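Everything on this sheet refers to the single structure shown next.
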Amino acid sequence: MDSFDHLSEAVDYLKREAPQPPEVAVVLGSGLGPFAGELADPLTIPYESIPHWPRSAVIGHEGKLVIGTLALRRVAALSGRVHFYEGHPLAAVVFGVRVMGLLGVRALILTNAAGGINQSFPKGVLMVIDDHINLLGSNPLIGENDDRLGCRFPDMSEVYSKRLRTLADHVAREQNLSLAHGVYVALHGPSYETPAEIRFLRGIGADAVGMSTVPEAIAARHMGLEVLGISCISNMAAGILPEPLHHAEVMETTARVRGQFVALLKGVIERI
Ligand code: HPA
């Protein structure tokens with residue numbers, strides 16, 4: 001059985017469970033799971049009941065798909081993602097995004113917690129991802145191309161939709177929320193970066209660093225989905241402040257700005 005068959009089994013299962021297909025999918029990063037609680041008439045499907053769907057074991061990441069309604073739109077919230085550093089192949093990391101694409105979702109919102117490399121960013125600010133740098137040392141499209149998903153050499157000149165980035169700015173202005181913009185660099189982790197690595201990443205043009213999002217964005221663009229990425233700058237990257245990095249700080253900051261993050265996502269989805 002090839003991986004497209006696995007995707008199709010998951011898609012068929014979800015079509016049976018949720019006959020009204022989602023139009024928008026949101027991948028919820030560390031600490032953002034509660035966004036799923038905003039959906040009306042929610043149908044909650046644990047990842048383990050979806051055929052072939054991989055599960056995450058990271059604290060702060062739940063493992064469920066919630067499909068419901070927000071501002072008259074059908075929305076799928078992926079509460080919990082799997083990461084490359086957990087040992088999953090990238091095909092597993094992007095499995096959920098591909099299932100969403102095959103279900104007919106046209107816009108994908110990717111959220112994450114990230115370390116701030118740009119020293120002008122205050123901790124807790126939300127950053128619209130304008131572009132990314134892939135330093136994972138791998139790519140989810142490696143291997144034989146499946147033309148049913150997309151082409152062999154997909155264009156990456158506008159991974160993060162200009163239209164959706166502008167929409168996010170518009171919604172933030174209305175909510176009196178100040179948004180940052182920048183380039184997200186993905187490293188595979190799970191160790192945090194060294195101060196020397198952070199200086200290097202600043203030098204190559206990165207504003208924020210994290211361990212997710214990029215594979216999902218690449219797989220989504222391969223399928224032609226429109227992508228928006230938003231990072232919560234949960235901590236200053238290594239070496240900026242005279243203190244070590246802890247996952248607890250990441251969780252604490254994302255919990256603190258969760259209300260703003262949820263309001264921004266709602267505002268964007270209403271007008272997507
Ligand atoms: N580095 C990498 N990933 C992260 C960080 C960081 O500082 N903060 C949250 N995710």
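Only a predicted model underlies this, so the values are computations on that prediction, with no experimental measurement involved. The analysis underlying the following values was restricted to heavy atoms, covering all of them including side chains, and did not include hydrogens, waters or symmetry mates. Atoms within a ligand are numbered from 1 in the order they appear, just like the ligands themselves.
Interatomic distance, NE2 of His222 versus CG of Leu141, reported as 5.0 Å (0.5 Å rounding). Distance NE2/His88 to CZ/Phe95: 12.5 Å, rounded to 0.5 Å.
With sequence neighbours excluded, no residue forms a side-chain hydrogen bond (donor to acceptor under 3.5 Å, both in side chains) with Arg221.
Ring geometry for Phe84 versus His188: interplanar angle over 60°, hence perpendicular rather than tilted (30 to 60°).
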Ligand-protein N/O pairs under 3.5 Å (ligand 1):
unit_1, atom_1, unit_2, atom_2, d
ligand 1, 1 (N), Glu193, OE1, 2.8
ligand 1, 1 (N), Glu193, OE2, 3.3
ligand 1, 7 (O), Asn235, ND2, 2.9
ligand 1, 8 (N), Gly115, N, 3.3
ligand 1, 8 (N), Asn235, OD1, 2.7
ligand 1, 10 (N), Ala113, O, 3.3

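At least one side-chain heavy atom of Leu102 sits less than 4.5 Å from a side-chain heavy atom of Phe4. Lys123 places a side-chain heavy atom less than 4.5 Å from the side chain of Arg256.
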